[in-house]
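Everything numeric here is computed off the predicted structure, so don't read it as measured data. Residue numbers start at 1 and run along the sequence shown.
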Amino acid sequence: MNELATSPAMHAAAIYIAILAIALFQLTIMVIRLRRGNSIGIGDGGNKELARAIRIHANYTENVPFALAVLLALALMGAPVWIIHVAGLSVVIGRMAHAFGLSRSTGSSVGRVAGMVLTQSGILFGAFMLLWLILT
């Protein structure tokens, strides 16, 4: 492995990338099981539980790619490991809270709100840290 691949920053980013990839797999399996169990090939077929699972999966895929890009860019820029951990933990905990909150209620909930706040805070923190690294 090269020096970049073995850097503490790249290892930290890789941890969060792996966790988020595993979580995506779990959300995908949840949708597949509901589709198969209800014989629904496309859309939600009016099934509220499937509609909710699809929305949880979609929200995840709408937010996580930006988080992954930020984490990877931070590692490539040689950011201090603590910055990657703050951004990564915020996103991971945020995505878990959001999925949990939305799985319990389609309305506003503590989990959904906290999840979005943590996710967006992690992405925004990472983005500002990238700008700081570039400009200093």
CA sep, side-chain torsions, deciding dist, call: V64, L24, side-chain contact (heavy atoms from CB on, under 4.5 Å): CA-CA 9 Å; V64 169; L24 175 61; over 6 Å; no
Can you name the nearest heavy-atom pair linking M77 to I134, along with the distance? CE-CG1, 3.7 Å
If you take all heavy atoms of A13 and L71, which pair is closest and at what distance? CB-O, 3.7 Å
d(H57 NE2, L27 CG) to nearest 0.5 Å is 6.5 Å
Give a yes or no on whether L20 and F100 share a hydrophobic cluster (residues Ile, Leu, Val, Met, Phe, Trp, Tyr; joining criterion: side-chain heavy atoms under 4.5 Å apart). no
Looking at CG of L130 and CD1 of I83, how far apart are the two atoms once the value is rounded to the nearest 0.5 Å? 9.0 Å
Just by distance, no angles: are the side chains of E49 and N38 close enough, under 3.5 Å, to form a donor-acceptor pair? no
When rounded to the nearest 0.5 Å, the distance separating CG of D44 from CZ of R35 is 8.0 Å
Any chance you could measure L131, atom CG, to T136, atom OG1, to the nearest 0.5 Å? 10.5 Å
In short, Y60 meets A21 closest at the heavy-atom pair OH-N, 4.4 Å
Is R52 reaching over with its side chain to a backbone N or O of S103, donor-acceptor style, under 3.5 angstrom? yes
Taking every heavy atom of V70 against every heavy atom of A127, the minimum-distance pair comes out as CG1-N, 3.8 Å
Mind listing the closest non-hydrogen atom pair of A9 and A79 along with its distance? CB-O, 3.5 Å
Can you tell me if I42 has over 12 outside heavy atoms packed within less than 6.0 Å of its CD1? no
Is W82 reachable from V91 through a run of hydrophobic residues whose side-chain heavy atoms are each under 4.5 Å from the next? yes
Taken to the nearest 0.5 Å, the spacing of I19 CD1 from I93 CD1 works out to 10.0 Å
As a quick check of understanding, evaluate side-chain contact (heavy atoms from CB on, under 4.5 Å) for I84 and M10, giving each step before the final call. CA-CA 9 Å; I84 295 169; M10 192 58 80; over 6 Å; no
Should M96 and L89 be counted in the same cluster of Ile, Leu, Val, Met, Phe, Trp and Tyr side chains packed under 4.5 Å apart? yes
Within a reach of under 6.0 Å around CZ of F66, are more than 12 heavy atoms found that belong to other residues, nucleotides or ligands? no
Heavy-atom nearest pair, G126 first then L74, reads O-CD2, 3.8 Å
Start with the C-alpha gap between L50 and I40, add the side-chain angles, then the distance that decides, and say whether side-chain contact (heavy atoms from CB on, under 4.5 Å) holds. CA-CA 9 Å; L50 178 56; I40 300 170; 3.7 Å; yes
Please report the C-alpha distance between R36 and I32 in whole Å, then the side-chain angles of each, then the deciding distance to 0.1 Å, and finally whether the side-chain contact (heavy atoms from CB on, under 4.5 Å) criterion is met. CA-CA 6 Å; R36 284 189 170 185; I32 291 169; 4.2 Å; yes
Taking side chain to side chain donor-acceptor pair (under 3.5 Å) as the cut-off, I'd like each qualifying pair that reaches into residues 85-99, sequence neighbours left out, listed once. Y16-H85, N59-R95, R95-T119
When rounded to the nearest 0.5 angstrom, what distance separates CD1 in I29 from CG in L34? 11.5 Å
Following the transitive rule for hydrophobic clusters with a side-chain heavy-atom cut-off under 4.5 Å over Ile, Leu, Val, Met, Phe, Trp and Tyr, establish whether M116 and I54 coincide in one cluster. no
